[in-house]
Student: 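Could you have a look at this structure, given as structure tokens, before my questions?
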Number of protein chains: 2
Amino acid sequence: MAARRPITTPRKQASQERSRVTVDALVEATARLLVRDGFDKASTNRIAQEAGVSVGSLYQYYPSKEALVAAVIDRHNRELMQVVRAALAEVAALPIEKAVRKLVVTAIDAHRLDPKLHRVLAEQIPRTGRLEKVAAFNRDYFILFRDFLESHRDELRAVDLELAAFVCVTSIEALTHTAVLHRSEMLSDEMAETLVDEATRLLAGYLMPREGGRTRQLRRYS
Amino acid sequence: MAARRPITTPRKQASQERSRVTVDALVEATARLLVRDGFDKASTNRIAQEAGVSVGSLYQYYPSKEALVAAVIDRHNRELMQVVRAALAEVAALPIEKAVRKLVVTAIDAHRLDPKLHRVLAEQIPRTGRLEKVAAFNRDYFILFRDFLESHRDELRAVDLELAAFVCVTSIEALTHTAVLHRSEMLSDEMAETLVDEATRLLAGYLMPREGGRTRQLRRYS
DNA sequence: ACACAATGCGAGCGATAGCTCATATTCAGA
DNA sequence: TCTGAATATGAGCTATCGCTCGCATTGTGT
């Protein structure tokens, strides 16, 4: 028996130009409605209307509301990963403390890409059944970060890299997420910078060997 | 004009014994159904049925499904806070590193009180509109933890206690939550202990002054 | 110019949701 | 014992949901 197509998969490819427009409008409208009205009140009828398209067309391309939301999530995750990937590349050669600081800043920036959408996706999408995709981003981030740690192994204290990556990614994500989405008063002034300092200290202190400040850096040239 | 009663407030007090039983059954049934079927499929009709009560009775005491869920959340939060409060009391006299370790262990225990319910509350309840109560727990935890830090100020490096409490609470919560609810394989073996070690190092390293290990403890007797 | 495929339409189906209200039952106090 | 208040009942209302299907319109290849 053929593998059952997940119900969050788009129904068919748009081959003509006008249908591509339709599909884009649908995803865009979904994102707008998610932000404006939230997940529950974003009905397929409303989405179609907002997109200037009929419900029938909607169901030509997406078999369910979940599939539509999944498309929005995928798009958002791609944007996030792009930012994170760029930062990790840019930072690869830096000493770990500088690198970590830059990564914290990036995490905050990423949350500011589209904060309202991010918040809806994080807080209103039922993360069970077919829509576990919300967590997919963190998994990807985790893998990239582990590789990053691996390439800086000589600057680190002896660690289980898997575990360390888990600790770091989870902490960064939680701190920046909460700060941006629930304590936005923190982010206005120089508070943002202070938060970056603190987060950097948290992670750098965790990753780097104890005893004195700049010792181990020599090793990098051995 | 009188303050408008929030729609998550119970409708009336139960004065007779049998109605108290009804109310308890409703809350209990709601929790069970949330776990078994999730938020969306837990309809008021089903909840009433599960409680062995009619819908009408349900609406005598709770004006909406949200109010019922809010009651479940409150109950769960009270249980969590009880555990946390006890731990913080027990730990007040310990040196900060021991204290932090114990608090991490407690956080894990707290997540294990009723993991399935906790997961549903964390992942399926729309945290907008009337049901922001999910976040209330973290606020309470934050305040208690800030007081804890304050009473250990002499063991700490110079810090903004507000900010430090935010960093610590957010990190502990995220690490233990993710570990218990999304990486349960981590928690089976001695991995749990390793995680505790790591989390403790993360926070202790962040809170305590740099340079050498056990220096500052002298100050505690000054 | 013609035929067939691709795309678009939207009234309306069945299901289920949250919730009300007229009515019945049980309890507490006199 | 009797009466009014408290409590319990559940059929059924309205609204909205996700989604289908028969048909109209537009595009493509020949």
Side-chain angles (χ1 to χ4, degrees), chain A residues 5-30 33-34 37-72 124-126 129-131, chain B residues 5-30 33-34 37-72 124-126 129-131:
Chain A
R5 171 193 299 250
I7 317 187
T8 47
T9 293
R11 214 160 215 169
K12 66 181 184 188
Q13 295 284 70
S15 71
Q16 300 179 5
E17 175 62 16
R18 64 175 166 151
S19 64
R20 254 212 52 256
V21 172
T22 299
V23 170
D24 284 358
L26 283 171
V27 177
E28 184 55 36
T30 304
L33 275 190
L34 282 178
D37 302 338
F39 179 79
D40 285 337
K41 324 202 100 173
S43 72
T44 49
N45 280 301
R46 263 201 266 276
I47 291 173
Q49 187 180 25
E50 172 84 13
V53 151
S54 85
V55 226
S57 298
L58 185 157
Y59 280 96
Q60 292 238 335
Y61 299 102
Y62 295 95
S64 68
K65 176 183 173 181
E66 266 120 341
L68 217 28
V69 174
V72 173
Q124 284 191 50
I125 307 294
R130 312 157 177 168
L131 280 172
Chain B
R5 173 193 295 251
I7 317 186
T8 47
T9 292
R11 214 160 217 167
K12 68 178 182 188
Q13 295 286 70
S15 73
Q16 299 179 7
E17 174 61 16
R18 63 176 168 150
S19 63
R20 254 212 52 255
V21 171
T22 299
V23 170
D24 283 357
L26 283 170
V27 176
E28 183 55 35
T30 305
L33 274 190
L34 282 178
D37 302 337
F39 179 79
D40 285 338
K41 325 203 101 173
S43 72
T44 50
N45 279 301
R46 263 201 265 277
I47 290 174
Q49 186 181 25
E50 173 83 14
V53 150
S54 84
V55 227
S57 297
L58 186 157
Y59 280 96
Q60 292 238 337
Y61 299 101
Y62 295 96
S64 68
K65 177 182 171 180
E66 266 121 339
L68 217 27
V69 174
V72 172
Q124 283 191 50
I125 308 293
R130 311 159 178 165
L131 279 173

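The chains referred to below are lettered A, B, ... by the order of the sequence lines, with proteins before strands, and numbering in each begins at 1.
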Student: State which of dT9(D), dT7(D), dC19(D) makes the closest approach to the side chain of Tyr59(A).
Tutor: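 So the nucleotide nearest the side chain must be dC19(D).
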
Student: Quick check: closest heavy atoms across Ala48(A) and Ser54(A), and the distance to 0.1 Å?
Tutor: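 That closest heavy-atom pairing would be CB-C, 3.8 Å.
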
Student: 5'-most contact on DNA chain D: Val55(B) or Thr22(B), nearest heavy atom basis?
Tutor: Thr22(B)

Student: Can any side-chain N or O of Gln124(B) pair as donor or acceptor with the backbone N or O of Phe39(B) at less than 3.5 Å?
Tutor: yes

Student: Kindly determine whether Val27(A) and Tyr62(A) satisfy side chain to side chain contact (heavy atoms under 4.5 Å, CB included), including the steps that lead there.
Tutor: CA-CA 10 Å; Val27(A) 177; Tyr62(A) 295 95; 3.4 Å; yes

Student: Does dG18(C) have OP1 or OP2 sitting under 4.0 Å from an N or O in the side chain of Arg46(B)?
Tutor: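 So the side-chain polar atoms of Arg46(B) never come under 4.0 Å of the phosphate oxygens OP1 or OP2 of dG18(C).
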
Student: Using whole Å, report how far CG of Asp40(B) lies from P of dT16(D).
Tutor: 18 Å

Student: By nearest heavy atom, map Asn45(A) and Asn45(B) onto DNA chain C; which one lands nearer the 5' end?
Tutor: Asn45(A)

Student: Rounded to whole Å, please give me the gap between CD in Gln49(B) and P in dG10(D).
Tutor: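 Gln49(B) atom CD is separated from dG10(D) atom P by 11 Å.
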
Student: Give a yes/no answer on whether the side chain of Ser57(A) brings an N or O atom under 4.0 Å of OP1 or OP2 in dT7(C).
Tutor: no

Student: Kindly say if Thr44(A) contacts the phosphate of dC19(D), meaning a side-chain N or O under 4.0 Å from OP1 or OP2.
Tutor: no

Student: Give the rounded distance in Å between these two atoms: NZ of Lys41(B) and P of dC17(D).
Tutor: 17 Å

Student: With rounding to the nearest 0.5 angstrom, report the OG1 to CG distance, Thr30(B) to Leu58(B).
Tutor: 7.0 Å

Student: Measure the shortest side-chain to side-chain distance between Tyr61(A) and Arg20(A) over non-hydrogen atoms and say whether it is less than 4.5 angstrom.
Tutor: no

Student: Without decimals, in angstroms, what is the distance between Gln60(A) CD and dT20(D) P?
Tutor: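 Roughly 11 Å, once rounded to whole Å.
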
Student: Just to confirm, is there a sub-4.0 Å distance from OP1 or OP2 of dA6(C) to any side-chain nitrogen or oxygen of Ser19(A)?
Tutor: no

Student: Counting side-chain heavy atoms from CB outward, which of dT7(D), dT9(D), dT7(C) is closest to Tyr61(B)?
Tutor: dT7(D)

Student: For the pair made of NZ in Lys65(B) and P in dT16(C), what is the distance, rounded to whole Å?
Tutor: 14 Å

Student: Give one of base, sugar-phosphate or nothing for Ser43(A), where a contact means two heavy atoms less than 4.0 Å apart.
Tutor: sugar-phosphate

Student: Atom CD of Glu66(A) and atom C1' of dC17(D): how far apart are they, to the nearest Å?
Tutor: 13 Å

Student: OP1 or OP2 of dT7(C) versus the side-chain N and O atoms of Arg20(A): is any pair under 4.0 Å?
Tutor: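 Result: no.
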
Student: Please state how far atom OH in Tyr62(B) lies from atom P in dA8(D), giving the value in whole angstrom units.
Tutor: 12 Å

Student: Grab the CG-P distance between Leu58(B) and dA17(C) for me, whole Å please.
Tutor: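 Spelled out: CG on Leu58(B) to P on dA17(C) is 14 Å.
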
